[in-house]
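None of these values were measured; they are calculated from a predicted model. Labels below follow one simple rule: chain letters A, B, ... track the order of the sequence lines, proteins then strands, and each chain is numbered from 1.
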Number of protein chains: 2
Amino acid sequence: MADEHGPNSCVTCPRRQLTEWRNLELEHLELVNRHKHDRMLKPGEILFNQGDESEGIYCIKEGLVGERRLDAEGHSILVRLSHPGTTVGYQELLSKRPFRNSAEVLQDSHVCFINKSIVQQLIENSPSVGQRFLRRSLKDAQDLEDSFIEVQTIGVKARLLHVLMIFYERYGHLDPEVGHVFDIPVARRDLAALVGAAPETISRTTRQLEEDGLVQFRGVRQAIIPNLDLVFEEIGTDI
Amino acid sequence: MADEHGPNSCVTCPRRQLTEWRNLELEHLELVNRHKHDRMLKPGEILFNQGDESEGIYCIKEGLVGERRLDAEGHSILVRLSHPGTTVGYQELLSKRPFRNSAEVLQDSHVCFINKSIVQQLIENSPSVGQRFLRRSLKDAQDLEDSFIEVQTIGVKARLLHVLMIFYERYGHLDPEVGHVFDIPVARRDLAALVGAAPETISRTTRQLEEDGLVQFRGVRQAIIPNLDLVFEEIGTDI
DNA sequence: GCAACATCTTGATCAACATCAATGATGCGT
DNA sequence: ACGCATCATTGATGTTGATCAAGATGTTGC
């Protein structure tokens, strides 16, 4: 399991700088590295299910993971997306409660699992870790509060644009010929679940965005924004 | 400012057991007590405004405080209510960001203000305080996530019932003659802002609840639930 | 390459809620 | 107690998005 600081080692993992393990001393880092479990996962595979007890924490090294909740009527809502450099499942681990969401792999992913006993040791021995988790929790709470306001306030069109902008930030690049090109890493139904709307509504809204000249869609997995300013105007300058 | 463990002292404050200062040593407690500022506030008074920089933390000793956010179109949404035993404004203090909501007193309240330099000292010298704030933040994030799901999923009627049940838990008592009587501590417009609906919709929904026999309203500030089971049935047993 | 299946789109209809306008209640100051 | 201002209710109408049903477009396995 321990490759001596090879390409799979936590010590040299470039994503670690984004995580709560950022300031970890070498000693603790090697502890993590010795005990971590690497997994390569395909879309549709499950990290954990709603209702499960937490066994540890999941580090996303590559790929994309979504946290999904099923409501009483069986609708699934995508509560959040986790990109590389994110630890998934820390809330339930720290609060010792069962998972309230399921975590599902949305793209080919490389995920490391760290057992709760190891995390416990890190928190006890490295004060920075606790602080990082506090900051992370504060940020998550604030993001959620914003989404909460957004859902009550603005319509599907603006919310869809917002989600598309998130994809653009992460997967986009500028093609001087056509504009800002980016991938949509999820299926339409998941895009719908992310926006909090029915798939049919997403279809109609994307068509409307094309008619407005805000976004062009190339098939179902790619899109182009010819003019970013028009989009900012629509959603109110602040992203 | 310092009364020797009189009725206004933090040392003997009964609400403290509910706050992050719960396990504070006497020494630190007296530090807080020496530097806290007591204020008696009337409905409508403001603790802080959206956009202000955080100067410290607010302890609710008595009364009721609401956090309100104004969206782009000027709608105000009541993001959360804070009851006695709650510290308000900790997120912005710890993340060193400007307040994203305004805090407004909704009922006659007794609020203590603690300057950020004191809070800083406490966190540095008393490890339990940081942990308490972490727990608090985790809980807030989880509550928000639930509200988020709720807003997308269930209708105004169920959401209103949910809010009424919160009031019942806090202000209610059983009158064997008529049923479970409780006060509604906010005006209709604020009840609307809390549910995330227009005041007109709240009017119509309350009328519907009366027609269904779920809740009777006595004026605008009091209500009666003749049969709790009927309400639980409507919102799905879990509260 | 084609069948079988899942996914996406389109159209028609419906329910929920917002908005606007008017009226009725309540409270507050002098 | 009166008048004014704020707040709450009611009705009429408009908008948004969900749902249902059907067709179109992929996608996978053989």
Side-chain angles (χ1 to χ4, degrees), chain A residues 42-44 71-78 104 106 149-164 184-212 215-223 234, chain B residues 42-44 66 71-78 104 106-108 149-164 183-212 215-223 234:
Chain A
K42 290 277 172 198
D71 72 16
E73 284 87 37
H75 299 130
S76 102
I77 295 177
L78 260 178
E104 180 186 331
L106 300 177
I149 307 292
E150 214 179 55
V151 170
Q152 295 218 2
T153 298
I154 69 182
V156 164
K157 188 171 159 187
R159 229 158 55 240
L160 175 57
L161 274 174
H162 197 137
V163 172
L164 290 178
I184 299 169
V186 297
R188 276 286 182 277
R189 53 155 48 151
D190 284 336
L191 188 55
L194 211 45
V195 172
E200 296 95 324
T201 304
I202 298 299
S203 260
R204 294 184 234 280
T205 310
T206 53
R207 190 152 49 80
Q208 203 192 331
L209 289 176
E210 292 215 294
E211 284 164 7
D212 297 349
V215 185
Q216 289 157 20
F217 292 87
R218 293 265 182 278
V220 94
R221 290 287 191 153
Q222 201 176 65
E234 185 77 23
Chain B
K42 291 276 173 196
D71 71 15
E73 285 89 37
H75 299 127
S76 100
I77 295 177
L78 260 178
E104 179 186 331
L106 300 178
Q107 286 189 320
D108 286 355
I149 306 293
E150 214 179 56
V151 169
Q152 296 216 7
T153 298
I154 70 182
V156 164
K157 187 171 161 188
R159 228 154 61 236
L160 175 58
L161 274 174
H162 197 137
V163 171
L164 290 177
D183 292 329
I184 299 169
V186 298
R188 275 288 183 278
R189 51 157 48 163
D190 284 336
L191 188 55
L194 212 46
V195 172
E200 294 96 324
T201 303
I202 298 299
S203 259
R204 294 184 233 279
T205 310
T206 54
R207 191 153 50 80
Q208 204 193 330
L209 290 177
E210 292 215 294
E211 284 165 7
D212 297 350
V215 186
Q216 289 158 19
F217 291 85
R218 293 267 183 275
V220 95
R221 291 287 190 150
Q222 203 176 65
E234 184 76 24

_Verdict with reasoning, B:L209 to B:L164, per side-chain contact (heavy atoms from CB on, under 4.5 Å)_ = CA-CA 11 Å; B:L209 290 177; B:L164 290 177; 4.2 Å; yes
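Here the P atom of nucleotide D:dA8 and the CZ atom of B:R218 are 19 Å apart, to the nearest Å. Summarising the geometry, the separation between CD on B:E73 and P on D:dT16 is reported as 13 Å, rounded to the nearest angstrom. Distance A:E210 CD to C:dT9 P: 10 Å, rounded to the nearest Å. Between A:L160 atom CG and D:dT16 atom C1' the separation is 15 Å, expressed in whole Å. Across the protein-nucleic acid pair, B:R188 atom CZ and C:dA25 atom P stand 15 Å apart, rounded to whole Å. With rounding to whole Å, A:I154 atom CD1 is found 14 Å from D:dT16 atom P. What separates NZ of B:K42 from P of C:dG27 is a distance of 16 Å, to the nearest Å. Atom CD1 in A:I184 sits roughly 17 Å away from atom P in C:dT7 (whole-Å rounding).
The side chain of A:V220 approaches C:dT9 more closely than any other nucleotide in the set C:dC17, C:dT9, D:dA18. Proximity note for B:A187 (side chain, C-beta onward) versus D:dT19, D:dA8, C:dT10: the nearest is D:dA8. The side chain of A:A197 sits closest to D:dA18 out of D:dG11, C:dT19, D:dA18.
A sub-4.0 Å separation between OP1 or OP2 of C:dA18 and a side-chain N or O of B:T201 is present. The phosphate of D:dT9 (OP1 or OP2) has no side-chain N or O of B:R207 nearer than 4.0 angstrom. An OP1 or OP2 oxygen of C:dT7 is reached within less than 4.0 angstrom by a side-chain nitrogen or oxygen of A:R189.
A donor and an acceptor atom sit less than 3.5 Å apart, one in the side chain of A:E200 and one in the base of D:dC20. For A:R221 against C:dT7, no side-chain N or O and base N or O form a donor-acceptor pair under 3.5 Å.
Around CZ of B:R188, the count of heavy atoms belonging to other residues, nucleotides or ligands within 6.0 Å exceeds 12.
Nucleic acid contact class of A:G155 (heavy atoms, under 4.0 Å, all strands): sugar-phosphate only.
Salt bridge B:R207/B:E211: present, at least one basic N to carboxylate O contact under 4.0 Å.
Between the side chain of B:R159 and the backbone N or O of B:I154, at least one donor-acceptor pair lies under 3.5 Å. A distance-only check finds a donor-acceptor pair linking the side chain of A:T206 to the backbone of A:S203 [under 3.5 Å].
Along DNA chain D, the nucleotide nearest B:R204 and the nucleotide nearest B:V186 are compared for position; the residue whose nucleotide lies closer to the 5' end is B:V186.
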